[in-house]
Amino acid sequence: MKRIIAVLLSVFSGLVSSDALADNETTFSNEQGIAGVACIISDPAGRLLLVKDTVTGRYGLPGGRVNLAESPSRALAREVFEETAIRVTVGNIYHQDARGVLFACQSQAPLPVVSTAEGVGLLPAWRAPHFASEIEQARLVPRAHAQDYRYRFNDRRDHLWSLAAKTPSSDVSALADFSALAPVFYVSQYGLVSGVQDTVQQLGDAGNATVTAVFKLVNTLGEIAFYIALVPLFLVFRGHKSALSLLFLLISAAAVSTTLKSGFAMPRPFYLWPDLQIGQASGFTVPSGHTLLAAAVMTAWYLKRRVTHPPAFGALAMTLVVIVLMGLNRMYLGVHFASDVVIGALVGSSVAWATVKLDAVTVGNERPVLTTGRIWFLACLIMALLALALKIPNMVYLSALAAGVYTGQVWHKLFPSHKPASRLNGKLLTLAWIFFGIAAIVGAAWGVAQLTGLSWIVLIVVSMAAWSLGPWVLIASPELAKWSGKRLGWREW
């Protein structure tokens, strides 16, 4: 029965994946004979409005599917507003094929635009209802830069630009920045962010290079991929419990960060003042995800250190240094305000405290609760529901990852005879199998993502890849290492 539940859970993760961003795709309507609709918007300079898809990372026209109760023009006006916060008047049909219908559109009000030195027009996409769930950017692209972008449907690129040349242009309101559109609380923090950047610039070439190098190193401590790569090391050299405790902390921190960002829905500094951008980031600003994750990991380490080596003042000092440097780094990159990093640090520390407390709980025969299947099933269920509610891709992937761990835990309970390697050569062999499989899984998912511009395909493939990491690391790799060790003539495992 539990194996059946595990299989159904993985299928459920796939269904969540396909449904969570269904609004982003064009589905066929038999009643209307229209697969979907898209909008061609240009400005007096001949620039074409393109939006960047969150899942695929590719650019295309704003638009989407036509609901059964909608006319194509009404559906298109709705989709454009949801993706760009622009209200348009839908004009003539310019093109129709099996993929959908392309309409000429005009904005009902001048487009607020900040132009870069290269002539690209940036729009305040963060005001759109579906920002971060469906689209990452909205920009007016000059014809001279048409080749610089990866399109969702590359075979349409030249055709889109030929149609853009015939589209009635929309008026533009040229702005120096978007600060007039932002909350006063964030505008007041401009001086803090620019002040950090100016201070680093004034250190001279040598000082600037040193600080930048330190910030790059510290920034790694806020990357979830870095810690995910450590989980196999914890599994092989520190045991099952340590690995799952770390993974639970990472997933919890990422889920809390994603949920709060979607709830606050506030713009990043470089969204308001593009000149502040030094680093790359997407989505909303509060809390700082990097600071939250670094605070969660470092605080959890300090709390455990305080138990084993009290009073652990050195660990506390190191934790505070990392958190402060991470906050300064995110401000220097122009991707977060001071309030974002403070909130991130407080929330991350709270997540760490809760996880450490939960890590100490045991059930049954003194079995740690974080190594039980039920806690991972619950985590998967909660994140799946959040994914359906928020329609955030990252939440779908986290749900699938938790489902994979649950599958591994069910397997371990059904087959308790599994025995990990005890010798160093066996541990290294297990680790080699783990990283080989992870590379193959990630590479396959990346390859599929390069072949299609359909978000739902990429979403399902990446979700299934995330799910498969758990069974591979917890089940397949140790067994393959044991099998290959015997083939090498190792008598004791």
Side-chain angles (χ1 to χ4, degrees), residues 185-186 188-204 206-227 230 246 249-250 252-254 256-258 260-261 264 266-270 272-273 276-281 283-307 309-356:
F185 176 69
Y186 286 101
S188 65
Q189 297 184 59
Y190 170 82
L192 295 174
V193 178
S194 61
V196 172
Q197 294 184 346
D198 292 341
T199 299
V200 174
Q201 294 297 328
Q202 292 171 4
L203 295 177
N208 193 338
T210 300
V211 172
T212 302
V214 171
F215 279 167
K216 285 183 178 179
L217 178 62
V218 170
N219 199 66
T220 305
L221 300 179
E223 298 283 352
I224 192 170
F226 169 74
Y227 293 112
L230 294 181
L246 174 60
L249 174 64
L250 300 179
S252 300
V256 169
S257 175
T258 301
L260 291 178
K261 284 178 183 292
F264 284 109
M266 291 298 173
R268 294 180 181 273
F270 72 84
L272 307 181
W273 301 278
L276 290 179
Q277 184 171 16
I278 295 177
Q280 297 297 319
F284 294 112
T285 193
V286 56
S288 167
H290 278 68
T291 307
L292 190 154
L293 185 59
V297 173
M298 295 301 297
T299 302
W301 172 69
Y302 159 68
L303 292 175
K304 288 181 174 292
R305 188 77 176 173
R306 190 176 63 177
V307 173
H309 299 82
F313 289 138
L316 177 60
M318 185 176 297
T319 298
L320 294 175
V321 167
V322 169
I323 293 174
V324 171
L325 287 177
M326 181 64 74
L328 292 174
N329 164 59
R330 302 308 286 175
M331 292 172 64
Y332 166 72
L333 294 175
V335 297
H336 283 296
F337 294 101
S339 59
D340 303 336
V341 300
V342 171
I343 294 173
L346 294 175
V347 173
S349 299
S350 300
V351 170
W353 178 85
T355 303
V356 170

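Position 1 is the first residue of the sequence; numbering continues from there.
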Donor-acceptor check, side chain of [X] to backbone of [Y], threshold 3.5 angstrom: yes or no?
X	Y	result
Gln197	Leu276	yes
Tyr302	Phe313	no
Thr220	Lys216	yes
Ser288	Gly344	no
Ser349	Leu346	no
Thr258	Ala254	yes
Gln277	Gly334	no

How long is the gap from [atom1] on [X] to [atom2] on [Y], to the nearest 0.5 Å?
X	Y	atom1	atom2	answer
Tyr332	Asp198	OH	CG	10.5 Å
Leu192	Tyr190	CG	OH	11.5 Å
Leu249	Thr355	CG	OG1	4.5 Å
Met298	Met318	CE	CE	6.5 Å
Thr199	Asn208	OG1	CG	11.0 Å
Asn219	Asn329	CG	CG	4.5 Å

Please examine the side chains of [Y] and [X], heavy atoms only from C-beta on, and report whether any two atoms are closer than 4.5 Å.
X	Y	answer
Leu320	Leu316	yes
Leu221	Phe226	yes
Val356	Val307	no
Leu260	Val286	no
Phe215	Leu328	yes
Pro311	Arg306	no
Asp340	Tyr186	yes

For this session: State which residue, out of Thr212, Val218, Val211, fulfils the side-chain contact (heavy atoms from CB on, under 4.5 Å) condition with Val214.
Result: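 Single pass found, and it is Val218.
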For [X] versus [Y], what's the shortest heavy-atom pair and its separation?
X	Y	value
Ala345	Ile323	CB-CG2, 3.6 Å
Leu293	Ala253	CD1-CB, 3.9 Å
Pro287	Ser257	CD-O, 4.1 Å

Exercise. Which is it for Val342 and Thr291 under the side-chain contact (heavy atoms from CB on, under 4.5 Å) test, yes or no, and what are the steps along the way?
Worked result: CA-CA 8 Å; Val342 171; Thr291 307; over 6 Å; no
For this session: Among His336, Lys261, Arg268, Arg330, find the one that has a side-chain hydrogen bond (donor to acceptor under 3.5 Å, both in side chains) with Thr285.
Result: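 Among His336, Lys261, Arg268, Arg330, the one that satisfies the side-chain hydrogen bond (donor to acceptor under 3.5 Å, both in side chains) with Thr285 is His336.
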Exercise. Should the ring pair Trp273 and Phe337 be called parallel, tilted or perpendicular, given that the plane angle runs from 0 to 90° and is split at 30 and 60?
Worked result: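 If you compare the ring of Trp273 with that of Phe337, the planes turn out perpendicular.
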For this session: Mind running side-chain contact (heavy atoms from CB on, under 4.5 Å) on Tyr227 and Val297 for me, showing each step along the way?
Result: CA-CA 9 Å; Tyr227 293 112; Val297 173; 3.6 Å; yes
